[in-house]
Protein chains: 2
Amino acid sequence: MPAISKREQIISEALRLFYQHGFNATGVDKIITEAGVSKKTLYNHFRSKDELVLATLRKRDELFRNNLMRETERLASTPRERLLAVFDVVSAWFQEKGFSGCMFINAAAEFPDTADPCRILSAEHKRLVCDYIRDLAEQAGANNPNELAKQLNLLIEGAIVCTYVGADDSSADRAKEMAKIFLHNALG
Amino acid sequence: MPAISKREQIISEALRLFYQHGFNATGVDKIITEAGVSKKTLYNHFRSKDELVLATLRKRDELFRNNLMRETERLASTPRERLLAVFDVVSAWFQEKGFSGCMFINAAAEFPDTADPCRILSAEHKRLVCDYIRDLAEQAGANNPNELAKQLNLLIEGAIVCTYVGADDSSADRAKEMAKIFLHNALG
DNA sequence: TTAAAGGTATACCGATCTGTTTCCTTTGTC
DNA sequence: GACAAAGGAAACAGATCGGTATACCTTTAA
């Protein structure tokens, strides 16, 4: 067993290619070439491309939320400060080289069927991010942490779209300033 | 010349199919079958599928913004009320049968290349919607109508994503409530 | 009457797609 | 050293993709 399994190699390249070029536009041939594995190996680890897409989205969810939580907790120490620090983490994400929007918003666009496992997983990802914000809101003592979390989450989604589709670089800062108002309303 | 030209027939079906199933997932064969025209006719009116996609997005922008402005002005009479009515129009859009998110967000997901004409057109669409809101903000007497418009626009984008990807039906109402705060701050 | 224009229907092209199969080599383990 | 599992390379299958070409039909206008 090598240090990095073939399965991880495949998912790692699929993550990059699906994110940069889209799901339908990225063929399995491209993935195996970039990952340096044979087609047989890919289909030995995944029953179909759809299953690879799902595994890739699950990995993305794990990486994204782990990074969000780690960075948020690194940048600020109190729950209230962390609710604002989330926007700094998001802002840094926007400025990463190769930023290509939210992979789950992109997935929802490419898999319009509501019953598609990708759509279900995307909704789940959004819920889990919102759950983390709600935890912070609870710790900060918000009287309605769920509503505050949904408000801040909506601001994040708006910032993503305004940045990626609208090409407005000021969106992350704007969302943070808007968030301050709701933090003040909910926490005094 | 028929009442409805072949070109319009094609664009009309392309609008429906691209929106419901995505751009890459919709082949030209499907479009001509549904539109009831031959492939030669399609390629007589459009040089390529890419050009058809562009023409379809242009039509969508026209229809969407015309409807937004018409409905907003029908629902409310003063500029300030109209800034809020925009959220009612958006809410009604979310509840339409066949709602499948924002076609321009979806297009940005399927055409990740920043230089792609579809991306440029999508950014332009977002700018034009924001421009309309800014006009209303100006008429309402906001001291910084541009900033207010960008704030409200960000709330709309957030509501779209939370509704479509996050499957949260309360997002439109939430965005409207959030908008009231910024209206109050900007207009007293 | 006739010729041009624009339409339909259909066959076809080369490329690309997901997925399978075959044959051979490597690798780890008992 | 023997053997089983995994992987690599490449051909292949069947379908679909965007786009072109051919042949025939219908309308229209000079």
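Order of the sequence lines sets the chain letters (A, B, ...), proteins ahead of strands, with each chain counted from 1.
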Nearest-Å distance for atom pair CD1/P, residues A/Ile32 and D/dA9
9 Å
Which nucleotide in the list D/dG7, C/dT18, C/dG7 gets nearest to the side chain of A/Lys6?
D/dG7
Distance, rounded to the nearest Å, where B/Ile10 contributes CD1 and D/dG19 contributes P:
14 Å
Could you check whether B/Thr26 gets within reach of a base, just the sugar-phosphate, or nothing at all, counting any heavy atom under 4.0 Å?
sugar-phosphate
Only one of A/Tyr164, A/Phe87, A/Phe99 passes ring pair (Phe, Tyr, Trp, His ring centres under 6.0 Å) with A/Trp93; say which it is.
A/Phe99
Taking only the side-chain nitrogens and oxygens of B/Lys40, find out if one of them lies under 4.0 Å from OP1 or OP2 of C/dG7.
no
For C/dT8, does either OP1 or OP2 sit under 4.0 Å from a side-chain N or O belonging to B/Thr41?
yes
Distance, rounded to the nearest Å, where B/Asn44 contributes CG and C/dA9 contributes C1':
16 Å
Once you round it to whole Å, what is the distance between P of C/dT18 and CG of A/Leu17?
12 Å
Phosphate contact (D/dA6 OP1 or OP2) by A/His45 side-chain N/O below 4.0 Å
no
Looking at every heavy atom in both B/Asp61 and B/Phe104, which two are closest together, and how far apart are they?
N-CZ, 3.5 Å
Quick note, B/Asp29 side chain, CB onward, closest among C/dT8, D/dC17, D/dT20 is D/dC17
Between A/Arg60 and A/His125, is any pair of side-chain heavy atoms under 4.5 Å apart?
no
Indicate yes or no: does B/Glu147 engage A/Arg174 in a salt bridge with an N to O separation below 4.0 Å.
yes
With the threshold set at 4.0 Å, does a side-chain nitrogen-carboxylate oxygen contact exist between B/Lys30 and B/Glu34?
yes
B/Lys39, nearest nucleotide to its side chain (from C/dG7, D/dG19, C/dT8):
D/dG19
Listed nucleotide nearest any side-chain atom of A/Ser38, set D/dG18, C/dT18, D/dA9:
D/dA9
Tell me the interatomic distance from B/Tyr43, atom OH, to C/dT10, atom P, rounded to whole angstroms.
19 Å
Specify the separation, in whole Å, of atom CZ of A/Arg47 and atom P of C/dT20.
11 Å
